[in-house]
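All remarks here apply to the structure that follows.
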Protein chains: 2
Amino acid sequence: MPRNGAPTRERILDAAERLVIDNGYAATSLDRVIAESHSSKGSFFHHFASKDELARALVERYAAADIAHLETALAEANAASDDAAERVLRFVRSFEDTADELMSAQSSCLYVSVLTERELVERGTSGQVTNAIVAWREGLTGLLQAALPDPPGLDLHDVADHLFVTFEGAFILCRATGDPSHMRRQLRAVRQLYQALLSR
Amino acid sequence: MPRNGAPTRERILDAAERLVIDNGYAATSLDRVIAESHSSKGSFFHHFASKDELARALVERYAAADIAHLETALAEANAASDDAAERVLRFVRSFEDTADELMSAQSSCLYVSVLTERELVERGTSGQVTNAIVAWREGLTGLLQAALPDPPGLDLHDVADHLFVTFEGAFILCRATGDPSHMRRQLRAVRQLYQALLSR
DNA sequence: GTTGTAACAGACCGACTGGTCTGATACAAG
DNA sequence: CTTGTATCAGACCAGTCGGTCTGTTACAAC
């Protein structure tokens, strides 16, 4: 086999991810992705058939990392305590504790950038996002069901989805205010709200 | 005075708002805005100096309507009950009751589209968004303070911001899943979480 | 060394972009 | 009826866009 192209592909994905998260998909030109990844037109189109294909690869990689992150946190929460309510709170707390780190690594969420463009979604880019959302929903619903076996008038799926909603909404709030500490503070608020629900 | 250009300007803003909410700012071309508003290049650039100027006008109009909506709901909540906790719940409930209507009128939020593009934000488009966020924060913090005068380890500003976060996050969730009912369900979830907090 | 091919480089292309410019048109004031 | 101007129409322009094409280079197999 000739040269190994994998590192180049990763460099392109890294640069594209940063640019798309910062400025959105349509506002990110391939010329800029190519320049910032120190690549070339020929190289880019050798690895990706089109810009849309790049978007699909970006989302696939991002969603896989997201789900891996979720599963690590789930495992840690399960190992940390035998009390079901405590597990829920530990789970949320683990994201709260790493929120500042997260926000210094990325200025927003790739999901937001991709979902903002409806025509892009309709070209089949959002399947992996839905997978990730379902994984978060089911993971947290499991923890919540153990803590609230007979919830009074609550849909635990919605309560579980609310954590994803908090993440995405907090990204927007951080961007609007220019203050990345809102991510940690919103995760803290949602933990305290969950705590109120579980300790009633 | 010659012809009245105000209706044309509004038609352009209406078309642009729908297109930008659907597909984002960069992905929305002026040609398309002009076509869908049944206008022309000359007409467009008579009313707006540039595309960025259009963005600023869009956000200004959208934020003003947003704040007006907030103030109506605040007044209604205050009129509806004397109990402070009840006022908070009524306030959230009013958005829950109109959520389906909201989602049939718009597929997402203009704030998301505009904030997604950092370079656009840096060109001074987000000032009005911050105003709106502060208005929501202060309005709801007022209601919460009356219900929880001495909150134990809670930052009521963050708890108040959480409603805005829920709105924005739910817009993302709706777009990802293609299911607009998530808006109502997330507002219901956050109301139930607030209820748990207030009735502890 | 020859050869085959994945990996890369960059000139080039048509389509479309935001924006300009010239001119036409409606309408109120005198 | 003339005139001034806000409003509008659309041909046009330079630059950028995603994408193509031709060619070169590195490396493994033989």
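In what follows, every chain begins at residue 1, and chains take the letters A, B, ... in the order their sequences are listed.
Rounded to whole Å, the distance from CG on L54(B) to P on dG19(C) is 10 Å. With rounding to whole Å, E117(B) atom CD is found 11 Å from dG18(C) atom P. Rounded to whole Å, atom C1' of dG10(C) lies 11 Å from atom CG of D31(A). R123(A) places its CZ atom 12 Å from the P atom of dG18(D), with the value rounded to the nearest Å. Whole-Å rounding puts the N4(B) CG to dA26(C) P distance at 16 Å. Taking atom CD1 of residue I34(A) and atom C1' of nucleotide dG19(D), one finds them 10 Å apart after rounding to whole Å. Put simply, CZ on F44(A) is 8 Å from P on dG19(D), counting in whole angstrom units. A straight line from CZ of R32(A) to C1' of dG15(D) spans 17 Å, rounded to a whole angstrom.
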Shorter than 3.5 Å, N or O on both sides, protein versus nucleotides 21-25 of chain C: list them out with atom names.
from: dT25(C); atom 1: O2; to: R3(B); atom 2: NH2; distance (Å): 2.4

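Comparing A49(A) and S29(A) by the nucleotide of DNA chain D that holds the closest heavy atom to each, the one mapping nearer the 5' end is S29(A).
Applying the 4.0 Å criterion to OP1 and OP2 of dA6(D), one finds that H47(B) has every side-chain N and O outside that range. Between T8(B) and dC8(D), a side-chain N or O to OP1/OP2 separation shorter than 4.0 Å is present. Note on S39(B): every side-chain N or O is 4.0 Å or more away from OP1 and OP2 of dC8(D). Using a 4.0 Å cut-off, no side-chain N or O of H46(B) falls inside it from OP1 or OP2 of dC8(D).
With hydrogens and angles ignored, the 3.5 Å screen pairs no side-chain donor or acceptor of Y194(A) with any backbone N or O of A189(A).
Here the nucleotide nearest the side chain of S50(A), chosen from dG19(D), dA9(D), dT17(C), is dG19(D). Taking only side-chain atoms of S43(A), from C-beta outward, the nucleotide of dG19(D), dG19(C), dA9(C) with the closest atom is dA9(C).
Checked against a 6.0 Å centroid threshold, the rings of H182(A) and H162(B) do not count as neighbours. Residues H69(A) and F95(A) place their aromatic rings such that the two centres sit under 6.0 Å apart. In this structure, the ring of Y111(B) has its center less than 6.0 angstrom from the ring center of Y62(B).
Geometrically, K51(A) does not engage F44(A) in a cation-pi contact, judged by NZ or CZ lying under 6.0 Å from the ring centre and within 45° of the ring axis.
Between E101(B) and R184(B) there is no salt bridge, since no side-chain nitrogen of the basic residue lies less than 4.0 Å from a carboxylate oxygen of the acidic one.
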Test side chain to side chain contact (heavy atoms under 4.5 Å, CB included) on D66(A) and F167(A); report intermediate values, then the result.
CA-CA 12 Å; D66(A) 187 29; F167(A) 267 109; over 6 Å; no

